[in-house]
Amino acid sequence: MFEQTRFEGTLSGHGHRQPIAFTAEVDRDGVLAVRLGRLPSTDAAHGLLHFPEPTEPLDRLTLEGEAADGATFFSDSFSILSESHTSLPGQELDYQGQCAVADITRGPAEPYARSSKLWHVRRLSTVHRISRETELGTVVIGGMDEAANSQRPSGFIHLLHRDGVVGDEWMERSERLLTHVSRILSFACGSYLTPVVERLFDGPRERLRVVRRVAAPPPNLAPFSWVHMEPIFRLACDTFPGRVDEIARIDPAIRWLTMPRPTWETELVNAMTAVENLLEVELPGLAKTFQTERAFRRTVRPVRQHLEDAGVDPGMVDKLPELNRRSFREKLTALLAERAIVTTDFPDGWLADMIRTRNHIIHTGALPVGVGDGGGIPGQVIWAREIATRLILDYLGFEGGYHSWLNRDRILDFPSCRPVGDA
């Protein structure tokens with residue numbers, strides 16, 4: 001993405017500023033590698049070094065420079081991770097480290113015909129490039145079906161401006177559009193998409209913003225496959241800008257569903273926490289409690305007084321507010337009925353079984369004996385993920401085919417939840 005380039009500049013921080021030469025490159029995995037040149041043993045150079053205590057935040061310095069071809073480099077999040085000493089005159093100190101975020105600008109051979117913003121992401125795959133027109137320009141997505149352990153950002157979300165040079169308003173709104181589209185695609189592909197490298201092409205310059213990210217987990221039980229992304233991508237583009245803030249409210253649910261899951265216990269708790277977020281977003285206040293807060297205070301006042309007079313443990317009194325909260329089962333049942341979510345293909349007793357298993361995990365840290373012993377995915381995990389998926393599809397207003405893992409990865413038509421092709 002960015003070949004190794006030598007820069008001349010400065011490293012500064014803690015009231016010190018030291019001239020320095022360094023190289024920087026961005027490889028095909030979107031990883032930025034910075035190599036600092038050696039420094040003389042000066043007060044300024046020694047003043048840059050500060051290793052924080054384990055409880056302190058990582059130390060941040062500013063590294064900036066310019067290359068012979070006019071390319072520039074800037075990062076205000078450079079951290080020194082190692083230091084060594086030599087006896088070479090003027091080269092006594094060797095500091096090395098990494099940047100959390102860095103901005104690089106460079107000029108192309110010819111000005112770009114259309115300004116655009118491009119996000120390189122991991123885990124997004126499509127059978128071919130897909131495009132959709134929006135009021136900000138054309139959005140194009142694509143990506144390769146990489147190996148499970150690959151961290152290559154071969155997926156991309158690209159917004160091309162209609163014409164002319166972009167302004168500040170387009171820049172701000174383009175960020176909202178790309179965030180909105182990536183949020184819905186994250187739900188679709190089963191892995192939360194964040195830009196590893198952002199590239200802005202504008203006139204005679206290209207700017208790269210490189211972000212150091214943790215490893216992205218492989219997609220898991222995704223409701224849309226890489227050959228079937230177009231319907232959900234179309235919805236993502238068409239709901240901008242009218243439903244951006246509304247859909248952002250279920251971002252926690254999408255993050256819980258796409259979170260790394262080392263165990264089945266984690267998988268079930270994550271999926272049910274996603275459902276909790278959807279209940280919080282969709283149910284009105286009175287559907288979550290039996291009485292208004294004011295009415296409940298009047299109702300419970302004599303009970304509180306009786307307990308206090310009896311000298312019970314204060315912890316028992318503190319639990320009184322929980323009496324006014326409806327149970328998870330009541331709230332979910334109400335929402336499923338209100339939204340007419342189909343559950344006739346779930347097994348009998350699925351909701352009680354799922355809740356009982358989650359509660360056992362919360363109180364013991366492990367699945368109940370006998371659950372998950374068959375070697376496959378526990379049914380409770382499938383049920384939780386399927387109900388979260390259907391609630392999100394309904395919230396998005398999606399109509400069409402999706403992959404149902406409750407039905408062994410068959411494509412169902414939503415909202416009827418019948419196999420595609422059935423009468």
Side-chain angles (χ1 to χ4, degrees), residues 1-52 58-112 115-122 151-154 156 195-214:
M1 292 184 179
F2 184 75
E3 64 284 354
Q4 187 178 88
T5 302
R6 177 182 172 86
F7 294 89
E8 296 285 345
T10 59
L11 182 63
S12 58
H14 308 299
H16 298 280
R17 188 178 184 87
Q18 175 66 48
I20 194 170
F22 62 95
T23 62
E25 67 174 321
V26 182
D27 65 16
R28 294 181 62 191
D29 289 343
V31 177
L32 169 66
V34 175
R35 180 75 184 178
L36 302 185
R38 294 182 181 274
L39 298 174
S41 181
T42 63
D43 290 342
H46 284 286
L48 297 170
L49 186 62
H50 173 68
F51 288 119
L58 200 62
D59 193 42
R60 303 294 195 192
L61 303 174
T62 298
L63 178 65
E64 54 189 325
E66 184 172 352
D69 62 0
T72 64
F73 181 99
F74 177 84
S75 174
D76 58 4
S77 60
F78 181 82
S79 298
I80 297 175
L81 303 181
S82 67
E83 56 98 13
S84 60
H85 301 266
T86 71
S87 58
L88 296 174
Q91 303 181 49
E92 294 89 353
L93 301 179
D94 183 23
Y95 296 157
Q96 299 301 330
Q98 64 185 27
C99 301
V101 182
D103 289 310
I104 302 171
T105 63
R106 61 182 174 184
E110 297 180 3
Y112 297 102
S115 298
S116 66
K117 184 181 285 188
L118 170 64
W119 279 10
H120 292 275
V121 298
R122 298 168 177 152
Q151 291 299 312
R152 181 159 294 172
S154 59
F156 65 86
V196 177
V197 177
E198 177 188 89
R199 301 169 71 181
L200 176 64
F201 306 93
D202 187 19
R205 304 293 290 174
E206 174 190 355
R207 189 203 73 188
L208 292 85
R209 170 160 289 181
V210 188
V211 183
R212 183 170 294 276
R213 302 284 189 189
V214 298

Any donor-acceptor N or O pair under 3.5 Å, side chains Arg205, Thr105: yes
Asp29: which of Arg152, Arg122, Arg213 passes salt bridge (charged side-chain N to carboxylate O under 4.0 Å, His left out): Arg152
Distance-only polar pair, side chains of Thr62 and Asp76, donor-acceptor under 3.5 Å: no
Gln98 side chain reached by Val34 side chain, heavy atoms, under 4.5 Å: no
Any Thr23 side-chain heavy atom under 4.5 Å of Thr5 side chain: no
Leu208 vs Glu198 side-chain heavy atoms within contact, under 4.5 Å: no
Test: Arg199 and Glu206 ion pair at under 4.0 Å: yes
CA sep, side-chain torsions, deciding dist, call: Glu3, Arg106, salt bridge (Lys or Arg N to Asp or Glu O under 4.0 Å): CA-CA 11 Å; Glu3 64 284 354; Arg106 61 182 174 184; 3.7 Å; yes
Close side-chain approach of Glu25 to Met1, heavy-atom, < 4.5 Å: no
Check: Ser12/Gln18 side-chain N/O donor and acceptor closer than 3.5 Å: no
Student check: side-chain heavy atoms of Ser75 and Glu64 closer than 4.5 Å: no
CG on Leu61 to NE2 on His14, rounded to 0.5 Å: 5.0 Å
Short side-chain donor-acceptor distance under 3.5 Å, His16 and Asp43: no
Aromatic plane relationship, Phe2 with Phe7 - under 30° parallel, 30 to 60° tilted, over 60° perpendicular: parallel
side-chain contact (heavy atoms from CB on, under 4.5 Å), paired with Arg207, selected from Asp202, Thr72, Asp103, Ile104: Asp103
